[in-house]
Protein chains: 2
Amino acid sequence: MTAEIPPRQGRTTLQDVARLAGVSAKTAARAINGESNVRSDTRERVFTAAATLKFRPNRLARELRQSARTGAVGLVIGNLDNPFYSQLAAGVDHALREHDLELIIASTDDEPEREKVVVQAMLERRVTALMLVPSATDHSYLEGERQLGLPIIFLDRPPVTVVADSVLWDNHTDVRKAVHELATRGHRRISALADSPELFTATERLTAFREALTEAGIAPDETLILTSIHDATSAASATADLLARDDPPTAIIALNNRISIGAVSTLLRDDPTCAFVGFDDFDLGETLGISVVTNDPREMGNYAGQIALRRIREGTGTPERISLPTRLVQRGSGERPASSPHPSTRGSRPAPGLSGSD
Amino acid sequence: MTAEIPPRQGRTTLQDVARLAGVSAKTAARAINGESNVRSDTRERVFTAAATLKFRPNRLARELRQSARTGAVGLVIGNLDNPFYSQLAAGVDHALREHDLELIIASTDDEPEREKVVVQAMLERRVTALMLVPSATDHSYLEGERQLGLPIIFLDRPPVTVVADSVLWDNHTDVRKAVHELATRGHRRISALADSPELFTATERLTAFREALTEAGIAPDETLILTSIHDATSAASATADLLARDDPPTAIIALNNRISIGAVSTLLRDDPTCAFVGFDDFDLGETLGISVVTNDPREMGNYAGQIALRRIREGTGTPERISLPTRLVQRGSGERPASSPHPSTRGSRPAPGLSGSD
DNA sequence: AGCAGGAATGTCATCGATGTCAAACAGGGA
DNA sequence: TCCCTGTTTGACATCGATGACATTCCTGCT
């Protein structure tokens, strides 16, 4: 007759494979998942059937059934535009890579409200672990999940109202060391540029900065401490403003990567004599001879990923708080004596004081 | 009696909420999803019940039921470490942001085999759309999905054996313009540094380079064309080798971002006299006065994201092939006449010829 | 009061894979 | 040949939310 077999709508399912192989769905599943206790000839038949039908298992169904362990990990960061965050993500990606885990990434632009929204979405998707660079200050909304056994790992900034693992930087040691170095070379007017004081890292580093000044016998001059600098552009103009003061600083320390970039670009143009130490490394930092307190965001991401993997395997236990070391890389830009003469030409070429030498 | 209500294992479900609110699961669902035809007092009861139980809907279940439209988009890129890719991802993220779509990111390190694996995983997770920077050269394995109506968008490099939308750069116009500029200023020995010839972008840009030379009446000198440069480090040494030749080029053009960084770092140290044009912008590029053919990966990601959104809404139609313009930004590093004197000091400071002026 | 008709709610099956448990089967020993 | 044990296989319920459809509840109107 004209009765045709209607072409199957949508994707082929395990049922279809089973039907074609002449077995039950369960047996097909056993074969596909490589379970033992399947006769090798049936296994073959199932495989060819699956290949013929281009069968693609549906993870949603599988994960729904085996509730609790999905194959997705959620990562919440500030913004993929910022190399700090994207390298962090690269590190996490690297750690998860071999373990059949997918990485769901969402960015918050450091807005607490958005953090809640994207975390919510991830929880609805039942991620196996949640990793986040927090922007919100209250994380009690995660308490329920923690009790349900969801591994939660905080990166770069610690959890506030919830107990969870965290991987942070040692924001003190090398910042202090850098300041001490500057003080040793005779600098007394040292300026610090930082992001918003609401950010954990900013206040930590500023605290270290102030302590180091005090230790060096220098009274912190609050007019030299500029905060709430969110991007390279404002860092650049803040630096220019500093230099234009009647009594400008002889050294500047920038407390994150974007601020470093902005400050360096101003210094390269305007003032070759000001000593400088940046935070986080950047392209050409070595070539230009810029001293930095450097860290490797990939390492942080990778480390946090390892913790996540362990928690997934072994269940959550006593939360860990890891502090990763930074590294002070002296490349010369912090060594300029405060007494160097100003060049007569402004902006005609990069500051020699900032260039690589060794 | 001692019969206690056992504390519910695992997460609360819609059933639990319904039970507590004294309605059926379906009604609870209607209330939660904001459907009409729910009396406001029942809606209230459901909401408070949901809040009490901290109910979190299970997207896996929902998406399994409504097969076809999940809320996840898959993005396959080379490597989050590379700012080109991470900014691409930032652009996609930005485009999807307001549409309740999650972004699943996987990286291939540009290995064709890995591409298949991660794409496979995304398909199993039933992404609503697939966006990828392809590394494989054969994409016939995607044909089935295409026929099932899955929107597939290629970025940066075109699809080969499958029909799909693609968003590419105009790899010709500005490369040619840059070469013409150099030729106009008298350069005859112009070197090009490119990535692997298997990469679409590398060969396209090299083709443009060769054509431009020919148009300018210069016979392409193959010894000046170096390929298979994969990272900044090898670009730096390749550049150093070039400069050390008996008859070094007077101008160099780098054909992607990592190569640009590497070349610039060598030029800054070793040879201020060689003219240079980079590809893709980078931090401090402006400050250092490096001329570049620039593009905005975020724009590409965003654009591709828009296409994905449209395809998701309106279904796939005739595939589009979009070519985004680049921009030639002249900042001085390409203007150095070939006859400039070599400086006597090597490596003592950045090349004035490469520094920003005006 | 009776009734039409829309609003509100409920029942049941379903999405696709898999855990549970039982049935069918095969092979070896008595 | 028959029984026993271990291996393969299958039937069925389940994960949680929701679509299709049925039922009950109102409200206004004759």
| said: If I take atom CG in residue A:Leu64 and atom C1' in nucleotide D:dA17, what distance separates them, rounded to the nearest angstrom? | reply: 9 Å
| query | Between D:dG19 and B:Gln66, is there an OP1 or OP2 to side-chain N/O distance shorter than 4.0 Å? | reply | yes
| said: Of the listed nucleotides (C:dA17, D:dG16, D:dT18), which one gets closest to any side-chain atom of B:Ala61? | reply: D:dG16
| note | Between CZ of B:Arg56 and P of D:dC15 the distance, given in whole Å, is 20 Å
| message | Taking the basic N atoms (NZ, or NE/NH1/NH2) and the acidic carboxylate oxygens, is any pair closer than 4.0 Å for B:Arg321 and B:Asp165? | response | no
| query | Can you name the residues that form a salt bridge (Lys or Arg N to Asp or Glu O under 4.0 Å) with B:Asp100, not counting sequence neighbours? | reply | none
| remark: Sorted by chain and residue number, the salt bridge (Lys or Arg N to Asp or Glu O under 4.0 Å) partners of A:Arg157 (sequence neighbours excluded) come out as A:Asp110
| Taking only side-chain nitrogens and oxygens of B:Asn58, does any of them come within less than 4.0 Å of OP1 or OP2 of D:dC15? | no
| For B:Arg62, which contact category applies under a 4.0 Å heavy-atom criterion: base, sugar-phosphate, or nothing? | sugar-phosphate
| What's the spacing between B:Arg65 CZ and B:Asn58 CG if we round to 0.5 Å? | 14.5 Å
| query | Given atom CD of B:Glu63 and atom C1' of D:dA17, what is their separation to the nearest angstrom? | reply | 11 Å
Could I get a table of every N or O pair under 3.5 Å where one atom is in the protein and the other is in nucleotides 5-9 of chain C?
unit_1, atom_1, unit_2, atom_2, d
C:dA8, OP2, B:Asn37, OD1, 3.1
C:dT9, OP1, B:Thr42, OG1, 3.2
C:dT9, OP2, B:Arg39, N, 3.0
C:dT9, OP2, B:Thr42, OG1, 3.1

| B:Phe55 side chain, from C-beta outward: closest of D:dT14, D:dA17, C:dG16 | D:dA17
| Residue pair B:Ser107 / B:Asn79, side-chain donor-acceptor N/O under 3.5 Å | no
